[in-house]
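Worksheet: the structure to be examined is printed underneath.
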Amino acid sequence: MPFWDHVDELRSRFLKSFFFITAFTIIAYIFSDLILFILFQPKVALASDVNIQVLKITSMFMVKIYISFVFGLILSMPVILYQFWKFISPAIDEGFGFQSFFLFFLSSLFFILGAYFSYSIVVPLSIEFFISITSKYVSVDYNFTLENYLLYILWMLVVGGLIFQLPILSIIFNKLGIIDYKTLVNIRRFSILGIFIISAILTPPDPFSQLVFVVPLIILYEISIIILRFLK
């Protein structure tokens, strides 16, 4: 297609994605109290050690807006990925119908698994680690603002979901002709080093949380190799 036709196509895909993000954000706002209840579960287990508070009159409203947008974005992720795929699919060989459905199914599944992994394992362990840090000479009470607590929880959920997209990215790059399973095998050492670096950047600055993310990432890397071998 001519250049401006590509631009129009991209704009159309973007507008469709924006529509779904907006719709899911509104739905998430309607259920924002339920979302808050779910996000507070890691804190409930540490209720005697942590106090959550707000410092501004508008805090609760802004918090609900923020979590609604984040969950709207998360719920829209399959649609966004689908629109992205429809935009780049003309450059890829035909006969990829079933595999594309499989790709989007895996993407949603891995994102949910990654977010749940963060929610059930990484978040509670990291919170427990941080509040266990005390001083022998100064008495410290942990009082978190609601914004700070939710920002941390949501960030970890998104990071977990995105990190678990590694096999999906491998499939996309494979179909674009950039990598194959032999490439991943040959660069395994450098990839593992990169996994440690990425985990150090994206996770809290404690070594334990970083290692908790490193193990599943290495497993996902090996899964990517198996998937690409199957798709060959």
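Everything quoted here is computed from the prediction, not taken from an experiment.
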| said: Test question: given the 4.5 Å side-chain rule for I, L, V, M, F, W and Y, name all other residues clustered with I112, or answer none. | reply: none
| message | If hydrophobic residues (ILVMFWY) are linked whenever their side-chain heavy atoms come closer than 4.5 Å, directly or via other members, who joins Y29 in its cluster? | response | F61, M62, I65
Single-linkage hydrophobic cluster, 4.5 Å side-chain cutoff, [X] and [Y] together:
{"X": "I30", "Y": "V63", "result": "no"}
{"X": "L75", "Y": "V159", "result": "no"}
{"X": "I168", "Y": "I195", "result": "yes"}
{"X": "F31", "Y": "L36", "result": "no"}
{"X": "I153", "Y": "M60", "result": "yes"}

| said: To the closest 0.5 Å, what do you measure between CG (L146) and CD1 (I67)? | reply: 8.5 Å
| message | To the nearest 0.5 Å, what is the distance between CD on Q165 and CD1 on I163? | response |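 Those atoms lie 11.0 Å apart.
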According to salt bridge (Lys or Arg N to Asp or Glu O under 4.0 Å), does anything in [range] pair up with another residue at least two apart or in another chain? List the pairs.
{"range": "residues 154-163", "result": "none"}
{"range": "residues 58-71", "result": "D33-K64"}
{"range": "residues 148-165", "result": "none"}

Who passes side-chain contact (heavy atoms from CB on, under 4.5 Å) against [X], sequence neighbours left out?
{"X": "L193", "answer": "I197"}
{"X": "T145", "answer": "L55, E147, N148"}
{"X": "F71", "answer": "A28, I35, L39, L154"}
{"X": "L15", "answer": "R11"}

| Hey, does the side chain of S118 reach the backbone of M156 with a donor-acceptor pair shorter than 3.5 angstrom? | yes
| said: Applying side chain to side chain donor-acceptor pair (under 3.5 Å), can you list everything that pairs with S108, at least two apart in sequence or on another chain? | reply: none
| request: Carefully, step by step, assess L73 and T25 under the rule side-chain contact (heavy atoms from CB on, under 4.5 Å). | output: CA-CA 7 Å; L73 186 62; T25 297; over 6 Å; no
| request: Verify side-chain contact (heavy atoms from CB on, under 4.5 Å) between L162 and F111, making sure each step is shown before the conclusion. | output: CA-CA 6 Å; L162 292 178; F111 192 93; 4.1 Å; yes
| query | Does CZ in F110 sit with more than 12 non-hydrogen atoms of other residues, nucleotides or ligands closer than 6.0 Å? | reply |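 For F110, atom CZ is crowded (more than 12 foreign heavy atoms under 6.0 Å).
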| query | Around atom CZ of F69, are there more than 12 heavy atoms of other residues, nucleotides or ligands at under 6.0 Å? | reply |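 Counting neighbours around CZ of F69, 12 or fewer heavy atoms of other residues, nucleotides or ligands fall under 6.0 Å, so no.
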| For F164, ring pair (Phe, Tyr, Trp, His ring centres under 6.0 Å) partners two or more places apart | F117
For residues 213-222, please give each side-chain donor-acceptor pair under 3.5 Å, one per line with the distance, not counting sequence neighbours.
unit_1, atom_1, unit_2, atom_2, d
Y221, OH, L184, O, 2.6
Y221, OH, S191, OG, 2.9
E222, OE1, R188, NH2, 3.2
E222, OE2, R188, NE, 2.9

| query | Passes side-chain contact (heavy atoms from CB on, under 4.5 Å), V79 versus K16? Steps please. | reply | CA-CA 9 Å; V79 177; K16 290 177 181 178; 5.9 Å; no
| message | Below 30° counts as parallel, above 60° as perpendicular, anything between as tilted: where do the rings of Y119 and Y116 land? | response |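 Y119 and Y116: tilted rings.
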| request: Given side-chain contact (heavy atoms from CB on, under 4.5 Å), test S76 with I21 step by step and report yes or no. | output: CA-CA 5 Å; S76 303; I21 292 174; 3.7 Å; yes
| field | Closest heavy-atom pair and its distance - P167, S224 | value |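 Looking at all heavy atoms of both residues, the shortest contact is CA-OG, 3.1 Å.
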